[in-house]
Amino acid sequence: MILKEGSQGKAVRELQKILKRLGYAPGSADGKFGVKTEDAVIAFQEAEGLYADGIAGPITLRALEEASARLDTDLFAPDETWRRDGITRLLPFMRIAVDRYDDGYDRFFLRADVAETFTRVRDAVRAAGGIVTSSGARRALDTPVNPNRSATSFHYLGRALDLYVWSAMVNPQSDPYVAVYEGDRRYRVFARTSAGETITLNAATYDKREGDKQVKGQFTDLTAAFEAEGFKGIRARKAFFRGGSKLGAEWWHFQYEEGLIPEVTTFGGELLRIYSKEQLEGTPPWRHRDRVFKVDWF
């Protein structure tokens with residue numbers, strides 16, 4: 001059996017019920033395979049490491065049945081899971097629509113609770129007449145580690161997102177965002193918004209990394225909007241200010257730190273809230289599972 005967008009009937013209704021039970025959001029169980037159901041199937045497929053085409057074929061349907069059965073056997077310990085509607089389960093991922101800009105993405109996935117919080121930031125920026133761009137959010141467990149990809153990144157946890165890396169510091173007169181250097185390798189990001197405050201900013205660029213270009217316009221303090229919801233930016237890499245790769249700027253990165261207890265919360269504990277141990281074994285992030293927040297994991 002193959003179920004995909006446009007399919008209808010009892011089988012689709014049962015698919016929607018299972019997806020909803022697993023914590024995904026297929027819309028109402030009306031037996032009509034539409035965009036919401038396709039998005040839910042994609043989110044499930046990505047979470048399970050399957051080919052994410054949004055089509056529920058034999059492999060995906062079997063994986064759904066197995067995931068549903070795991071709920072019935074209460075496989076996961078309560079301190080590693082999330083409870084909703086009286087059911088204990090791993091935290092699911094949610095797909096979020098954002099604004100495509102240049103070669104950036106028009107969607108990404110975050111952990112469910114983080115997604116709900118981020119949506120408030122996105123909606124506030126859009127209401128002010130700005131856009132929210134993206135270079136991605138969730139990172140696959142098998143993503144190779146390199147100088148620009150930490151093995152303990154919040155991206156592995158569904159707790160971080162990247163704005164599109166070329167939507168600031170390229171042309172401050174027209175970019176959606178302006179990055180202002182504040183010292184200590186940190187940037188404050190302002191979104192260009194039609195309903196924003198009229199101010200003059202000392203814009204940084206990839207050529208002048210500490211800023212020397214005065215830009216006047218209507219802006220909303222995006223960093224402040226993120227911070228109000230529990231998201232924090234991170235510092236640029238030291239090499240960036242020594243002429244290193246532009247990908248070391250990090251102005252685009254925001255991570256959700258709410259709920260993490262300094263000197264207590266472990267990286268592995270957070271991974272176990274969204275993945276099973278079987279999925280984590282042998283992956284680069286799992287090797288660093290004993291790292292502790294604000295001790296050797298930042």
Side-chain angles (χ1 to χ4, degrees), residues 96 98-99 101-102 104-105 108 110 114 117-137 148 150 153-155 159-258 260 262 294 298:
I96 303 172
V98 289
D99 303 295
Y101 179 79
D102 196 23
Y105 302 130
F108 56 65
L110 288 172
V114 181
T117 304
F118 166 76
T119 298
R120 293 197 289 270
V121 179
R122 180 201 63 187
D123 292 349
V125 173
R126 286 178 167 177
I131 64 173
V132 177
T133 64
S134 173
S135 278
N148 290 311
S150 168
S153 171
F154 277 61
H155 284 294
R159 277 179 168 268
L161 61 106
D162 290 337
L163 301 173
Y164 181 54
V165 299
W166 310 115
S167 53
M169 285 193 167
V170 179
N171 183 356
Q173 298 293 348
S174 60
D175 290 341
Y177 309 116
V178 168
V180 176
Y181 186 62
E182 295 189 307
D184 191 31
R185 295 190 279 127
R186 293 187 180 277
Y187 288 98
R188 180 164 292 272
V189 183
F190 292 82
R192 182 171 269 108
T193 53
S194 58
E197 179 184 0
T198 299
I199 52 178
T200 299
L201 301 173
N202 181 27
T205 66
Y206 286 116
D207 293 325
K208 300 292 184 179
R209 300 182 176 189
E210 295 186 13
D212 72 343
K213 193 173 187 65
Q214 299 297 302
V215 177
K216 183 176 182 179
Q218 290 177 280
F219 297 98
T220 295
D221 188 334
L222 184 59
T223 297
F226 270 114
E227 290 176 343
E229 295 293 346
F231 289 87
K232 295 185 178 181
I234 62 175
R235 294 191 295 177
R237 298 177 184 274
K238 291 181 180 179
F240 178 69
F241 295 100
R242 298 196 296 265
S245 169
K246 295 175 182 178
L247 295 181
E250 298 288 4
W251 64 262
W252 51 77
H253 178 100
F254 290 91
Q255 60 190 39
Y256 188 69
E257 299 185 1
E258 291 294 302
L260 302 180
K294 296 299 183 182
F298 300 92

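- Under the side chain to side chain donor-acceptor pair (under 3.5 Å) criterion, Tyr256 pairs with no residue at all, not counting sequence neighbours.
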Asn202 vs Lys213, side-chain contact (heavy atoms from CB on, under 4.5 Å): CA-CA, chis, key distance, verdict: CA-CA 5 Å; Asn202 181 27; Lys213 193 173 187 65; 5.6 Å; no
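- Considering all non-hydrogen atoms of both residues, Pro172 and Ala204 come closest at CG-O, 4.3 Å.
- Applying the side chain to side chain donor-acceptor pair (under 3.5 Å) criterion to Asp162, with sequence neighbours excluded, gives His155, His253.
- When all heavy atoms of Ala128 and Thr193 are compared, the pair lying nearest together is O-CB, 3.2 Å.
- Residues Val178 and Ala203 come closest through the heavy atom pair CG1-CB, 3.5 Å.
- Qualifying side chain to side chain contact (heavy atoms under 4.5 Å, CB included) partners for Ser194, counting only residues two or more places apart in sequence or in other chains: none.
- With a 4.5 Å cut-off on side-chain heavy atoms, Leu260 and Phe154 count as touching.
- No donor-acceptor distance shorter than 3.5 angstrom exists from the side chain of Tyr101 to the backbone of Ile131, with no hydrogens or angles considered.
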As a quick check of understanding, evaluate side-chain contact (heavy atoms from CB on, under 4.5 Å) for Val132 and Leu163, giving each step before the final call. CA-CA 7 Å; Val132 177; Leu163 301 173; 4.1 Å; yes
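- Between the Tyr105 side chain and the Tyr164 main chain, no donor and acceptor come within less than 3.5 Å of each other.
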Is there a side-chain contact (heavy atoms from CB on, under 4.5 Å) between Arg237 and Arg242? Walk through the geometry before answering. CA-CA 10 Å; Arg237 298 177 184 274; Arg242 298 196 296 265; over 6 Å; no
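- Judged as a ring pair (Phe, Tyr, Trp, His ring centres under 6.0 Å), and not counting sequence neighbours, the contacts of Tyr181 are Tyr187, Phe241.
- For the side chain to side chain donor-acceptor pair (under 3.5 Å) test, no residue two or more places apart in sequence or in another chain qualifies with Thr223.
- Arg159 meets the side chain to side chain donor-acceptor pair (under 3.5 Å) test with Glu270; sequence neighbours excluded.
- Residues satisfying the side chain to side chain contact (heavy atoms under 4.5 Å, CB included) criterion with Asp184, sequence neighbours excluded, are Arg186, Arg235.
- Under the side chain to side chain contact (heavy atoms under 4.5 Å, CB included) criterion, Lys208 pairs with Thr205, Asp212, not counting sequence neighbours.
- Two residues are said to be in side-chain contact when any heavy atoms from C-beta on lie closer than 4.5 Å; Arg185 and Glu250 fail this criterion.
- Residues passing the side chain to side chain contact (heavy atoms under 4.5 Å, CB included) test with Ala249 are Met169, Tyr206, Phe240, Trp251, Trp252, sequence neighbours excluded.
- Evaluation of the salt bridge (charged side-chain N to carboxylate O under 4.0 Å, His left out) test over residues 217-231, restricted to residues two or more places apart or in two chains, returns Arg120-Glu229, Arg188-Asp221.
- Judged as a salt bridge (charged side-chain N to carboxylate O under 4.0 Å, His left out), not a single pair has a partner in residues 191-206 (not counting sequence neighbours).
- Side-chain atoms of Asn171 come within 3.5 Å of backbone atoms of Gln173 as a donor-acceptor pair (strictly under, hydrogens ignored).
- Shortest non-hydrogen contact noted between Ser135 and Val165 is OG-N, 3.1 Å.
- Two residues are said to be in side-chain contact when any heavy atoms from C-beta on lie closer than 4.5 Å; Leu110 and Ile96 meet this criterion.
- Of all heavy-atom pairs between Ser167 and Thr133, the closest is OG-OG1, 3.1 Å.
- In terms of the ring pair (Phe, Tyr, Trp, His ring centres under 6.0 Å) criterion, residue partners of Phe254 (sequence neighbours excluded) are, by chain and number, Phe226.
- Residues Val114 and Phe231 meet the side-chain proximity criterion, which asks for heavy atoms closer than 4.5 Å.
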